[in-house]
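Note that the numbering runs from 1 along the sequence shown for the chain.
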Amino acid sequence: MKKKIIGVIALLIAGIIYFVFYHTRNTYTTVPLDADAIILIDAKKVKRQYISDLLTHPSAWFKKGPENSAFLNDSGIVIPDFFQFFHLKNSSLTEWYSIFDLKDQQQFLKFLQSQKFKKLSGNVFRKDHTFIMVYDNLCIAGTSKIGLESIHKQVFKLSQKNILDAASLVDKGIGSIIFNDGKSSYNLYIDLNSDEMEFRTNSNFYDSEPIIAKLLKTKSFLETELDSENMRLLSSVFPFKNLGDAKVDYLKANADLQQVNDTIITYEYDDNFNEIEKNTVRKIVQPAYVVSLHSSDPEKTAQYFQDKKWINAQRQFVVIPFQPNVIEKKKNDFEIRSTGKSIQPSVRMNENYIFITNNELLYSHLKSFTLREKKIISDIDYIFYGHKDQDYYVKLKFKESELPLLLRW
């Protein structure tokens with residue numbers, strides 16, 4: 001009898017574990033047709049990894065969770081089996097959106113009020129860097145208000161939306177990120193480790209450690225080296241696009257950050273209405289950089305820059321937002337240098353990569369971020385992108401800690 005009871009209990013526990021951590025109800029998700037990057041996260045896999053990390057780190061058992069940890073509990077949202085986040089073509093790199101179904105709109109509106117979201121219009125709300133549009137049984141969330149209305153219109157038209165089977169796209173890791181540049185599509189799976197996130201293609205042949213070890217020795221804020229194909233793929237990252245049309249087939253750049261004094265001149269008036277000049281000195285952060293563009297047809301490249309008005313009368317490359325700088329033609333290369341502190345070009349590695357290290361000088365620009373967002377950003381060590389043959393790889397490395405990523409912040 002006892003054995004039967006134990007067997008029934010074990011069966012019930014196994015059933016609960018299956019339905020909580022493995023069973024999926026709906027693996028399909030909807031995104032607009034013009035989404036050029038889509039992130040899919042398997043909620044069940046994340047939950048399993050969270051429980052595993054929690055069991056092996058007793059120091060986190062009594063840690064107070066973030067204030068918004070109740071976001072999906074009793075909020076009126078249908079908790080999906082796969083979370084999706086997407087980026088719209090031709091939008092800012094910082095604009096990302098997500099779509100949720102609502103099971104109770106009134107409950108969700110009360111939840112937004114409890115979380116101190118402010119109403120911007122009839123159905124649009126905002127808190128910090130999060131914007132939310134509520135429409136019937138649908139919630140569209142994003143880091144910007146710009147795309148909300150467009151997304152809303154697209155998801156109600158079959159011809160303008162894309163229905164994905166997330167389960168077939170997330171076959172490894174906790175999720176996938178899909179890039180679609182109009183010519184081809186790339187699927188990178190996501191691994192979440194104790195102090196890093198990795199995004200890689202299924203072939204998994206790319207070895208990033210040798211090149212990252214070399215880049216860490218440069219002590220630079222930014223190091224990058226890209227051929228024409230990678231410049232095209234990453235065109236949304238760069239302030240200057242269409243370099244392929246200018247016959248630029250290779251880019252090499254490195255940069256450091258520096259704090260400099262900036263003088264602001266303002267004018268006041270005394271009691272007799274005499275104009276008084278007032279100088280105010282403030283400290284600002286500026287990059288010192290050198291960029292080299294190699295051209296297969298330098299004459300055509302120079303003409304393209306002139307036609308686009310990318311070079312002004314002072315020989316400055318005005319497309320780079322950090323000025324002043326000076327551009328100089330050297331045979332088949334165009335070298336762009338910031339004025340002021342001079343830095344030397346780094347050694348060419350003949351690889352395709354982008355390497356960005358964290359720097360405390362950036363923190364002064366985080367005033368509008370919440371304390372939690374600041375903590376996450378300050379914990380980043382470096383970001384690396386690499387590409388070789390058919391392999392794409394991205395690593396987001398965080399500083400070491402006694403707790404894995406899922407248990408921090």
Side-chain angles (χ1 to χ4, degrees), residues 90-95 181 215 218-264 282-357 359 361-362 364-365 383-385 387:
N90 296 325
S91 66
S92 169
L93 185 63
T94 59
E95 290 181 29
D181 63 1
L215 291 167
T218 66
K219 306 295 183 182
S220 297
F221 166 67
L222 168 69
E223 292 277 349
T224 184
E225 193 172 336
L226 300 169
D227 61 15
S228 57
E229 175 64 13
N230 280 271
M231 284 188 284
R232 182 184 66 81
L233 291 173
L234 300 168
S235 60
S236 61
V237 178
F238 296 104
F240 37 96
K241 300 182 180 182
N242 304 321
L243 284 177
D245 295 338
K247 297 298 181 181
V248 174
D249 50 26
Y250 170 80
L251 177 149
K252 177 78 176 75
N254 55 288
D256 291 327
L257 294 182
Q258 57 182 343
Q259 192 173 63
V260 298
N261 291 328
D262 181 45
T263 302
I264 301 175
R282 63 173 182 172
K283 292 186 180 296
I284 62 172
V285 177
Q286 284 186 342
Y289 56 87
V290 55
V291 180
S292 178
L293 305 174
H294 180 80
S295 172
S296 56
D297 189 341
E299 299 305 322
K300 183 174 182 178
T301 300
Q303 187 61 51
Y304 185 90
F305 288 166
Q306 293 291 344
D307 293 343
K308 289 288 185 179
K309 296 182 170 40
W310 285 5
I311 301 176
N312 63 17
Q314 290 75 41
R315 302 299 298 168
Q316 293 180 341
F317 197 69
V318 298
V319 189
I320 295 180
F322 307 106
Q323 294 186 30
N325 62 46
V326 61
I327 182 169
E328 181 181 358
K329 183 176 179 295
K330 297 181 177 181
K331 295 184 178 180
N332 286 9
D333 293 333
F334 293 83
E335 187 176 270
I336 307 160
R337 284 181 173 273
S338 58
T339 59
K341 179 185 176 181
S342 178
I343 64 171
Q344 296 301 314
S346 55
V347 177
R348 181 169 177 169
M349 298 187 186
N350 294 316
E351 301 267 4
N352 283 291
Y353 61 86
I354 298 174
F355 185 70
I356 303 173
T357 58
N359 191 303
L361 292 177
L362 292 173
S364 62
H365 296 277
I383 301 171
F384 173 81
Y385 161 84
H387 172 214

### Query
Is the gap between the ring centers of Phe317 and Phe334 under 6.0 Å?
no
### Query
Side-chain donor-acceptor pair under 3.5 Å between Ser346 and Lys252, yes or no?
yes
#### Entry: Side chains of Asp297 and Tyr304 in contact at under 4.5 Å (non-hydrogen atoms)
no
### Message
Classify the ring geometry of Tyr353 against Phe384: parallel below 30°, tilted from 30° to 60°, perpendicular beyond 60°.
### Response
parallel
### Query
Nearest 0.5 Å, what's the CD-CG distance between Gln258 and Leu361?
9.5 Å
### Message
Ignoring hydrogens, what is the shortest heavy-atom contact between Asp227 and Asn352? Give both atom names and the distance.
### Response
N-OD1, 2.7 Å
### Nearest-0.5 Å distance that lies between atom CE in Met231 and atom CG in Leu293
7.5 Å
### Task
Without swapping roles, check the side chain of Thr357 against the backbone of Ser220 for a donor-acceptor pair under 3.5 Å.
yes
### Query
Distance from Thr224 atom OG1 to Ile354 atom CD1, nearest 0.5 Å?
4.5 Å
### Message
Ring centroids only, cut at 6.0 angstrom: are Phe221 and Tyr289 within range, meaning strictly under it?
### Response
no
## Note on the structure
Looking only at heavy atoms, the pair that brings Ser296 and Asp249 closest together is CB-OD2, 3.3 Å
### Task
Can you see which heavy atom on Met349 is nearest to which on Glu225, and at what distance?
N-OE1, 3.0 Å
### Summary
Distance col, row Asn254:CG vs Ile343:CD1, nearest 0.5 angstrom, shows 4.5 Å
### Task
Nearest 0.5 Å please: distance from the NE2 atom of His387 over to the CG atom of Asn230.
5.5 Å
### Query
Looking at OG1 of Thr339 and CZ of Arg337, how far apart are the two atoms once the value is rounded to the nearest 0.5 Å?
11.5 Å
### Query
Can you name the nearest heavy-atom pair linking Ser342 to Gln344, along with the distance?
OG-NE2, 4.2 Å
Under 3.5 Å, sequence neighbours excluded: what are the donor-acceptor pairs made by side chains of residues 326-333?
| unit_1 | atom_1 | unit_2 | atom_2 | d |
| --- | --- | --- | --- | --- |
| Lys329 | NZ | Lys331 | O | 3.1 |
| Lys330 | NZ | Glu335 | OE2 | 3.2 |
| Asp333 | OD1 | His294 | ND1 | 2.7 |

## Note on the structure
Heavy atoms of Ser295 and Ala246 approach each other most closely as OG-O, 4.2 Å
